[in-house]
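All remarks here apply to the structure that follows.
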Number of protein chains: 2
Amino acid sequence: MRSYDEYCAIAKSLDVVGDRWTLLIVRELALRGGCRYTDLRNGLPGIATNLLADRLRELEQAGLVAREDAPPPIATTLFHLTPRGQELRPVLDDLFRWGLPLMTEQKPDDAVRSHWLAGALEVMLTDHSPEQPPVALEVRTGDQPITVEAADGDVRIRLSAAENPDLTLSGDPQPILGLLFGLRDLEAAQTAGVTYEGDPAVLERIRGSFPSLSAADYTPRVSLPS
Amino acid sequence: MRSYDEYCAIAKSLDVVGDRWTLLIVRELALRGGCRYTDLRNGLPGIATNLLADRLRELEQAGLVAREDAPPPIATTLFHLTPRGQELRPVLDDLFRWGLPLMTEQKPDDAVRSHWLAGALEVMLTDHSPEQPPVALEVRTGDQPITVEAADGDVRIRLSAAENPDLTLSGDPQPILGLLFGLRDLEAAQTAGVTYEGDPAVLERIRGSFPSLSAADYTPRVSLPS
DNA sequence: CAGCATCCGCTTTGATACTG
DNA sequence: CAGTATCAAAGCGGATGCTG
């Protein structure tokens with residue numbers, strides 16, 4: 001990308017990560033840790049292979065990504081974020097939150113990956129009853145099952161099936177997220193094709209509350225002259 | 001921009017604000033409040049006029065920007081952020097912070113605008129001595145003077161000259177920021193052409209501390225299967 | 001198969017000129 | 001002041017081919 005040529009921190013940030021696909025590559029590496037080239041392609045459906053190679057080279061040069069030649073048993077190159085790359089997490093988290101209201105719309109040809117949903121769940125869900133015994137929720141949607149464990153006030157997300165889930169939800173991601181974020185009740189979710197097995201009370205324990213528009217004021221950041 | 005077609009909050013955010021120039025337009029409106037078309041052009045040096053018009057239309061459609069036909073005395077259209085647009089402030093703030101280390105390099109053809117620097121100062125400076133009487137600093141660089149007032153633990157930034165500044169700094173923006181962010185001492189700043197008038201002790205009062213790389217760990221956000 | 005490089009048609013951008 | 005119109009150049013998406 002052409003530089004904006006502005007002596008401004010935001011512009012300089014965008015000089016580095018403002019290109020198409022770049023932040024999504026960082027998202028993949030932030031969510032999944034070390035990735036092979038092929039993993040990245042799978043997590044970025046639609047990216048042209050030459051673009052992925054280009055972006056990885058640029059990110060490496062900018063010091064956000066490092067490549068590591070994995071030892072003999074694996075024998076493949078792994079890409080991972082450097083500390084400088086990890087520092088983009090606040091940006092990704094904010095974009096996650098800002099974009100959540102847009103998740104109410106799921107276009108028919110939207111690709112779905114469970115680790116994206118897992119990221120959203122991690123940002124949104126909390127354990128409202130730390131004193132209660134741990135509970136486990138299994139979510140079956142996307143390309144692999146997601147396990148949500150609430151214990152001692154913390155919520156942990158794993159991309160695998162649960163051992164003995166207290167509740168299992170299956171169906172399309174959109175109504176399931178609506179249910180977990182408190183936008184739909186169980187009945188409405190069922191109408192949208194969600195099925196469950198187990199104890200629905202788990203929902204009260206971990207449900208997130210949707211960020212309502214916080215009535216931001218219109219005052220500019222910096223007061224202007226006269 | 002073409003949609004990424006991903007059911008992911010970050011991708012959906014970038015579908016809206018991921019285009020070239022878009023976030024910088026939001027930056028302008030966030031920093032300066034209501035802007036005329038011409039103000040925006042001045043704050044976005046190098047943007048093609050048709051692109052600015054396109055982006056404003058897209059932002060309006062997406063509900064982030066509203067245009068307002070100002071009453072007779074002004075007789076011009078003003079653009080401002082809607083509440084939904086204001087909600088991007090956390091994203092802008094994080095990009096501000098992430099990009100600060102890049103400000104150590106000032107390319108010869110980088111444009112400079114005081115309100116960008118004011119944004120950086122607002123994010124970075126704090127009043128370390130709330131119990132002390134208020135102090136005022138005037139910074140002379142960029143296209144207009146900046147006033148930094150520290151009082152009662154708060155720091156306020158204005159884009160205008162100070163009444164009776166306790167300290168005035170003049171020179172290139174890069175060494176001045178270095179000085180204010182604690183990367184240079186006064187002597188080093190002077191070597192880089194910064195001049196001052198008044199009491200340098202003001203610096204101790206408001207100086208920001210530079211975000212050192214916080215040794216982020218490499219653990220992925222979501223644990224992977226097996 | 002993993003990790004690219006090359007080629008080609010299309011879209012987006014940048015620069016400039018022009019208009020109500 | 002607030003845009004629209006035009007056109008060349010750069011970037012992108014998709015397909016394909018190459019190398020270990």
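Only a predicted model underlies this, so the values are computations on that prediction, with no experimental measurement involved.
- Two residues, B:Ile47 and A:Phe79, neighbour DNA chain C, and the one matched to the more 5' nucleotide by heavy-atom proximity is A:Phe79.
- Separating the CH2 atom of A:Trp21 from the P atom of D:dG13 is a distance of 6 Å, rounded to the nearest angstrom.
- Computed from coordinates, the A:Asn50 CG to D:dT19 C1' distance equals 17 Å when rounded to whole Å.
- The CG-P distance, from A:Leu51 to D:dA10, rounds to 17 Å in whole Å.
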Query raised in the report: Is there a side chain to side chain contact (heavy atoms under 4.5 Å, CB included) between B:Arg140 and B:Leu169 once you walk through the steps?
Result: CA-CA 6 Å; B:Arg140 294 188 187 150; B:Leu169 295 172; over 6 Å; no
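- For the pair A:Leu52 CG and D:dG11 C1', the interatomic distance rounds to 16 Å; values are reported in whole Å.
- Protein chain A contacts DNA chain C over a range whose 5' and 3' limits, counting nucleotides with an atom under 4.0 angstrom from a non-hydrogen atom, are C:dA2 to C:dA15.
- A donor-acceptor contact under 3.5 angstrom links the side chains of B:Arg158 and B:Ser160, judged on distance only.
- Look at CG on B:Asp19: it is 15 Å from P on D:dG11, rounded to the nearest Å.
- For the OP1/OP2 pair of D:dG13 and a distance below 4.0 Å, the side-chain nitrogens and oxygens of A:Arg20 include at least one atom meeting the criterion.
- Classification of A:Glu87 and A:Arg89 as a salt-bridged pair fails, no side-chain N sitting under 4.0 Å from a carboxylate O.
- Put simply, the side chain of B:Asp5 does not reach to within 4.5 Å of the side chain of B:Asp15, judged on heavy atoms.
- A salt bridge links A:Lys12 to B:Asp110: at least one charged side-chain nitrogen sits closer than 4.0 Å to a carboxylate oxygen.
- Under the 4.0 Å criterion applied to side-chain N and carboxylate O atoms, B:Arg27 and A:Glu6 are assigned as salt-bridge partners.
- The side chain of A:Ala48 lies closest to D:dG14, out of D:dT6, D:dG14, D:dC12.
- The side chain of A:Arg55 contributes an N or O atom lying less than 4.0 Å from OP1 or OP2 of D:dC12.
- Across the protein-nucleic acid pair, B:Asp54 atom CG and D:dG3 atom P stand 11 Å apart, rounded to whole Å.
- Note: CG (A:Leu44) to P (D:dC12) measures 14 Å, nearest angstrom.
- Rounded to whole angstrom, the span from the CZ atom of B:Arg67 across to the C1' atom of D:dC1 amounts to 13 Å.
- Looking at heavy-atom distances under 4.0 Å, A:Thr49 makes contact with a base.
- Side-chain N/O atoms of B:Lys107 and A:Ser3 include a donor and acceptor closer than 3.5 Å.
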